[in-house]
Each structure stands twice: as structure tokens, then as C-alpha cells.
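Below: one structure, written as C-alpha cells.
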Amino acid sequence: MTSTSTPDTVGRAALLVLADGRFPAGGHAHSGGAEAAVKAGRITDAASLAAFCRGRLHTAGLTAAGLAAAAALGHDPCELDAAADARTPSPALRAVARKLGRQMMRAARAAWPCAELDSLATAFPRGAHQPIVLGVAARAAGLGPEDAAHCVAYETVSGPATAAVRLLSLDPFRATAVLARLAPEMDRVAERAAAAARQGVDALPAASAPLLDITAEQHAAWPVRLFAS
């Protein structure tokens, strides 16, 4: 049988694979700061979850989306990794980013084997920052910077939303509604991130969320926790 796929349809399918929460990159074990926010009483229901996700999207999410978009464009991943370190003041979050980068690398090399992923794995045996690995994986899959940025924007909010269902026994329909209503903002963040990436590494966003950094350090010291971060 002759395939009727076009480059656009192949790209669209690859984007769905990369953004799928079942892609075995380890994200399911992380709450994106939601566990600490629930314990502190900052997430109690769907409305406060939406506020948390919106704040995360426009700060840490924008920064990570820019890094992923730049990697998808082919910018030097070593330079990008240094830029990611500079934008991640929390040692706990740097460790998480590299751990998730290692797991993303394993999945990406299985799905889209290529020399660029092999070189990145060799350069960072303990793991590059996850958004950079995701961006290189997107490039290997034939995706562009907007695609990589959209993946990051989505995972920035979908992780906390999924975690809140488990942490609060939140109605999953309401959690999904939060994500749906944030969709236009995810689009804008992805577009802004990709536009910055096209201007070079020095133009990448560096938006920060100090409270996420502080609570990440606290969460890492908890003797008992449901999520790894």
C-alpha cells in the first residue's frame, strides 16, 4: 500500500506523539510545583488551579518554551544548556530538569534516532535540561520551533492540572476545563517563545517565578511526598 502522508500530516502526528502525556519521558511523576502549592493552601479548587497554571505558564513556561524553540531551530545545545542553568536558580529544579532530560532523551532516541540526539547525549551524560532535549527531539521528528514551544507550554500546565486531580480529588472534568480555557494563552506563549528564539540565544525569555523556586527547595526536603517535584 502506498502512503498518502504529506510532510504536514507526518509533522502533525509527530507533534501529537511528543505532546502525549503517555510519552515515556517521566513527566507523570512530577507535579510542577502543585504538590507544594496544595500543601500551602494556594491550590484548593479549580479556580485556584487555573491561577497557579496561568502564573506558571507565563513565567517558567515561557522561559522553557523559548529554550525548546531555540533547540528546535538548531541553536547550539551546549550554549542553550548554559542559558537554562542561568535561568534556573533553584538547585532542586536544575536537578529535576536534568533528570527529566535524561528520561526524555531515552524516549526520543527510541522514537526518532538521529546524530543530533546522540551528540547531545554524549555531551551531557547526566542529562541536559529537559526543554533542550525536547527541542532537539522535535527537530529530529521534523517539527518546528512553534511545535516545540507548544509542547512545553502544554506540559507546563497539564502536569499541575493532572497532579491536582490526585492531590485534591479534583473533578477531572473541571481540571480539563482549566486546560481548555488556558489554550489561547498557551498559543500566545508558544508564539512569543518561538519569535524570541529566532532572534538568538541572548533574546530568549528569562521570566522567573521565585515562589516556585522557593517551594521546590522546600519540597525536595520533604521526607514523604507523592510527586518527585
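Note: hydrogens, waters and symmetry copies are ignored here, and every other heavy atom, side chains too, is used.
The shortest non-hydrogen separation linking Leu170 to Ala175 is CD2-CB, 4.1 Å. Residues Ala72 and Pro145 share a closest heavy-atom pair of CB-CA, 3.9 Å. In terms of heavy-atom proximity, Glu155 sits nearest to Ser158 at CA-OG, 3.3 Å. Minimum interatomic distance between Cys151 and Ala19 (heavy atoms only, all atoms of both residues): SG-CB, 3.9 Å. The two residues Leu117 and Ala140 have their closest heavy-atom pair at CD1-CB, 4.2 Å. Residue Ala220 comes nearest to Ala92 through the heavy atom pair CB-CB, 4.0 Å, listed as atom of the first residue, atom of the second, then distance.
A search for side chain to side chain contact (heavy atoms under 4.5 Å, CB included) contacts involving Val157 returns Cys53, Leu57, Leu179, Leu182, Met186, not counting sequence neighbours. When the side chain to side chain donor-acceptor pair (under 3.5 Å) test is applied to Thr156, no partner is found at least two apart in sequence or on another chain. Residues satisfying the side chain to side chain donor-acceptor pair (under 3.5 Å) criterion with Arg139, sequence neighbours excluded, are Glu116.
Heavy atoms of other residues, nucleotides or ligands lying less than 6.0 angstrom from CZ of Arg181 number 12 at most. Heavy atoms of other residues, nucleotides or ligands lying less than 6.0 angstrom from OH of Tyr154 number 12 at most. Around the CZ atom of Arg174, the shell of radius 6.0 Å holds no more than 12 heavy atoms that belong to other residues, nucleotides or ligands.
Residue pairs that meet the salt bridge (charged side-chain N to carboxylate O under 4.0 Å, His left out) test with at least one member in residues 28-53, sequence neighbours left out, do not exist here.
Note on Phe52: it clusters hydrophobically with Phe227, by side-chain heavy-atom contacts below 4.5 Å among ILVMFWY residues. Linking Ile, Leu, Val, Met, Phe, Trp and Tyr residues whenever their side-chain heavy atoms come within less than 4.5 Å leaves Leu67 and Leu62 in two separate clusters. Hydrophobic clustering (side-chain heavy atoms under 4.5 Å, transitive across Ile, Leu, Val, Met, Phe, Trp, Tyr) keeps Leu93 apart from Trp222. A continuous path of Ile, Leu, Val, Met, Phe, Trp and Tyr side chains, each step under 4.5 Å between heavy atoms, connects Val189 with Leu49, placing both in one hydrophobic cluster.
In this structure, CG in Asp147 is found 10.0 Å from CG in Leu16, a value given to the nearest 0.5 Å. Distance CG/Leu80 to CG/Leu120: 9.5 Å, rounded to 0.5 Å. Between the CG atom in Leu18 and the CG atom in Leu134 there is a gap of 4.5 Å [rounded to 0.5 Å]. Interatomic distance, CZ of Arg94 versus NE2 of His129, reported as 7.5 Å (0.5 Å rounding). Separating the CG atom in Leu226 from the NE2 atom in His219 is a distance of 8.0 Å, to the nearest 0.5 Å.
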Per-pair distances, 0.1 Å, donor-acceptor, side chain in residues 198-213, under 3.5 Å, sequence neighbours excluded:
from	atom 1	to	atom 2	distance (Å)
Arg198	NH1	Glu146	OE2	2.7
Arg198	NH2	Glu146	OE1	3.3
Arg198	NH2	Glu146	OE2	3.1

Distance-only donor-acceptor pairs under 3.5 Å for side chains of residues 97-112, two or more places apart:
from	atom 1	to	atom 2	distance (Å)
Arg98	NH1	Asp81	OD1	3.3
Arg98	NH1	Asp81	OD2	3.1
Arg98	NH1	Gly127	O	2.8
Arg98	NH2	Asp81	OD2	2.7
Arg98	NH2	Asp85	OD1	3.4
Arg98	NH2	Asp85	OD2	3.2
Arg102	NH1	Arg126	O	2.6
Arg109	NE	Asp118	OD1	3.0
Arg109	NH2	Asp118	OD1	2.9

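Between the Arg87 side chain and the Thr63 main chain, no donor and acceptor come within less than 3.5 Å of each other. Side-chain atoms of His75 come within 3.5 Å of backbone atoms of Ala197 as a donor-acceptor pair (strictly under, hydrogens ignored). Formation of a donor-acceptor pair under 3.5 Å by the Ser31 side chain with backbone atoms of Ser229 is found in this model.
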- Message: Would Val96 and His30 count as a side chain to side chain contact (heavy atoms under 4.5 Å, CB included) here? Give the steps.
- Response: CA-CA 9 Å; Val96 166; His30 298 263; 3.8 Å; yes
